[in-house]
Amino acid sequence: MPTIVKNIIQQPQPFDLVGDPVLIAGIGSGFEATLNWRVHDGHDERTGFFNVGGGTGEHGQFHVAAAIGNAAFQLDRLFVEVYEESARDGSEVNKAIVPVIFGPRIVTDYVGYRIHVVAPGDTLSKIARDNYGDPSQFALIARANPQLISDPNLIFVGQELKVPIGA
């Protein structure tokens with residue numbers, strides 16, 4: 001029976017709000033125990049590699065702090081990739097990809113986010129006023145929650161919104 005090689009990113013989850021470094025964790029296996037990581041927005045990228053498993057097909061857990069530093073990301077939305085380079089031709093194989101939201105592109109000195117559960121009467125402007133002191137900053141919350149907010153005028157009671165916070 002053939003060995004199944006599958007790399008899995010368990011952290012971050014799709015559309016997580018991440019900072020710098022981007023913490024990447026999961027389970028994987030690679031040729032001679034080496035896997036690569038890439039964080040990119042389609043314009044700029046940061047890359048690196050790490051070791052996992054025993055090098056002869058074993059899967060192992062990994063946790064990597066992918067330093068972004070001065071990457072010239074133009075977008076809030078990034079992709080986190082973990083993959084193996086094929087020993088045969090150098091192509092990228094067994095790739096796992098997770099879309100994320102990069103907090104430092106949304107607020108200056110990003111440190112994390114608060115969860116706000118939308119209550120009756122809430123608007124993004126009110127949530128922005130309560131968190132930033134300025135209702136006009138509602139777009140920051142919309143940018144941090146693209147999978148939940150397609151129209152800033154439509155939020156719903158019970159939604160759990162991530163509110164990015166800077167130092």
Side-chain angles (χ1 to χ4, degrees), residues 3-116 128 131-132 137-150 159-167:
T3 302
I4 297 174
V5 177
K6 186 173 184 182
N7 296 313
I8 301 168
I9 298 173
Q10 297 171 314
Q11 177 189 345
Q13 290 291 299
F15 300 104
D16 270 355
L17 195 53
V18 301
D20 182 11
V22 177
L23 302 178
I24 308 169
I27 299 170
S29 176
F31 176 70
E32 295 185 351
T34 301
L35 288 177
N36 298 281
W37 62 265
R38 176 187 298 122
V39 178
H40 69 92
D41 69 348
H43 302 282
D44 197 3
E45 67 181 35
R46 288 294 179 262
T47 62
F49 66 92
F50 58 93
N51 294 98
V52 63
T56 55
E58 302 83 14
H59 282 73
Q61 294 178 312
F62 63 84
H63 190 192
V64 177
I68 301 304
N70 62 354
F73 293 143
Q74 298 176 24
L75 305 173
D76 304 340
R77 299 177 194 190
L78 305 180
F79 294 95
V80 175
E81 301 179 352
V82 170
Y83 59 93
E84 175 185 356
E85 285 187 8
S86 169
R88 187 181 68 230
D89 62 10
S91 63
E92 297 174 2
V93 297
N94 304 318
K95 187 184 293 190
I97 304 171
V98 174
V100 297
I101 309 302
F102 192 51
R105 286 282 303 150
I106 298 174
V107 295
T108 304
D109 297 323
Y110 175 80
V111 295
Y113 61 88
R114 297 180 183 136
I115 297 289
H116 179 89
N131 285 278
Y132 306 127
Q137 297 298 311
F138 69 89
L140 302 177
I141 301 165
R143 287 170 56 190
N145 296 277
Q147 79 288 9
L148 296 176
I149 301 173
S150 58
Q159 280 181 314
E160 293 183 4
L161 303 178
K162 295 173 184 168
V163 180
I165 302 299

Side-chain touch [X]/[Y], heavy atoms, less than 4.5 angstrom:
X      : Y      : answer
Ile106 : Ile101 : yes
Phe102 : Val18  : yes
Phe62  : Val82  : yes
Leu161 : Leu148 : yes
Val163 : Ile165 : yes
Phe138 : Leu140 : no
Phe49  : Trp37  : no

TODO: Please round to the nearest 0.5 Å and tell me the distance separating atom CD1 of Ile141 and atom CG of Asn131.
DONE: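 Between Ile141 CD1 and Asn131 CG, I get 6.0 Å after rounding to 0.5 Å.
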Open item on the list: Quick check for you: to the nearest 0.5 Å, what is the distance between Tyr83 atom OH and Glu92 atom CD?
Closed with: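 It is 4.5 Å, given to the nearest 0.5 Å.
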Open item on the list: Between Glu85 and Asn36, is the side chain to side chain contact (heavy atoms under 4.5 Å, CB included) condition met? List the steps.
Closed with: CA-CA 8 Å; Glu85 285 187 8; Asn36 298 281; 3.4 Å; yes
Task: Donor-acceptor contact below 3.5 Å, side chain Asn51 vs main chain Ala33 - done: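 Confirmed, Asn51 side chain pairs with Ala33 backbone.
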Task: Any donor-acceptor N/O pair, Asn7 side chain to Asn94 backbone, under 3.5 Å - done: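 At least one qualifying donor-acceptor pair exists.
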What closest approach, in Å, do [X] and [Y] show between heavy atoms, and which atom pair accounts for it?
X     : Y      : answer
Glu84 : Thr34  : CG-O, 4.5 Å
Val52 : Gly28  : CG2-O, 3.4 Å
Leu17 : Pro164 : CD2-CB, 3.9 Å

Task: Chi angles and distances behind the side chain to side chain contact (heavy atoms under 4.5 Å, CB included) call for Phe50, Leu35 - done: CA-CA 6 Å; Phe50 58 93; Leu35 288 177; 3.6 Å; yes
Open item on the list: Restricting to side-chain contact (heavy atoms from CB on, under 4.5 Å), what partner residues turn up for Ser86, sequence neighbours left out?
Closed with: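 Listed in chain order: Arg88, Asp89, Ser91, Val93.
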Task: Enclosure of Gln10 CD (heavy-atom neighbours >12, cutoff 6.0 Å) - done: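 For Gln10, atom CD is crowded (more than 12 foreign heavy atoms under 6.0 Å).
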Task: Heavy atoms of other groups near Glu160 CD, more than 12 under 6.0 Å - done: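 No - once you tally the heavy atoms of other residues, nucleotides and ligands closer than 6.0 Å, there are 12 at most.
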TODO: Could you list all the salt bridge (Lys or Arg N to Asp or Glu O under 4.0 Å) pairs where at least one residue sits in residues 53-74, not counting sequence neighbours?
DONE: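 Salt bridge (Lys or Arg N to Asp or Glu O under 4.0 Å) check on residues 53-74 returns no pairs.
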- [ ] List in chain and number order the residues that pass ring pair (Phe, Tyr, Trp, His ring centres under 6.0 Å) with Tyr110, two or more places apart in sequence or in another chain; answer none if no residue qualifies.
- [x]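 With neighbours one apart ignored, the set is empty.
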Task: salt bridge (charged side-chain N to carboxylate O under 4.0 Å, His left out) involving Asp16 - partner list, sequence neighbours excluded - done: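 In terms of salt bridge (charged side-chain N to carboxylate O under 4.0 Å, His left out), with neighbours along the sequence ignored, Asp16 is linked to Lys162.
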TODO: Output all residues satisfying side-chain hydrogen bond (donor to acceptor under 3.5 Å, both in side chains) with Asp20, sequence neighbours left out; order by chain, then residue number.
DONE: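 If we apply the side-chain hydrogen bond (donor to acceptor under 3.5 Å, both in side chains) test to Asp20, skipping adjacent residues, there are no hits.
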- [ ] Apply side chain to side chain contact (heavy atoms under 4.5 Å, CB included) to the pair Leu23 and Gln11, showing each step before the final yes or no.
- [x] CA-CA 7 Å; Leu23 302 178; Gln11 177 189 345; 3.4 Å; yes
Can you give each donor-acceptor pair under 3.5 Å made by side-chain atoms of residues 67-81, sequence neighbours left out, with the distance rounded to 0.1 Å?
from, atom 1, to, atom 2, distance (Å)
Asn70, OD1, Arg46, NH2, 2.8
Asp76, OD1, Arg143, NH2, 2.8
Asp76, OD2, Arg143, NE, 2.7
Asp76, OD2, Arg143, NH2, 3.4
Glu81, OE1, Arg38, NH1, 2.4
Glu81, OE2, His40, NE2, 2.9

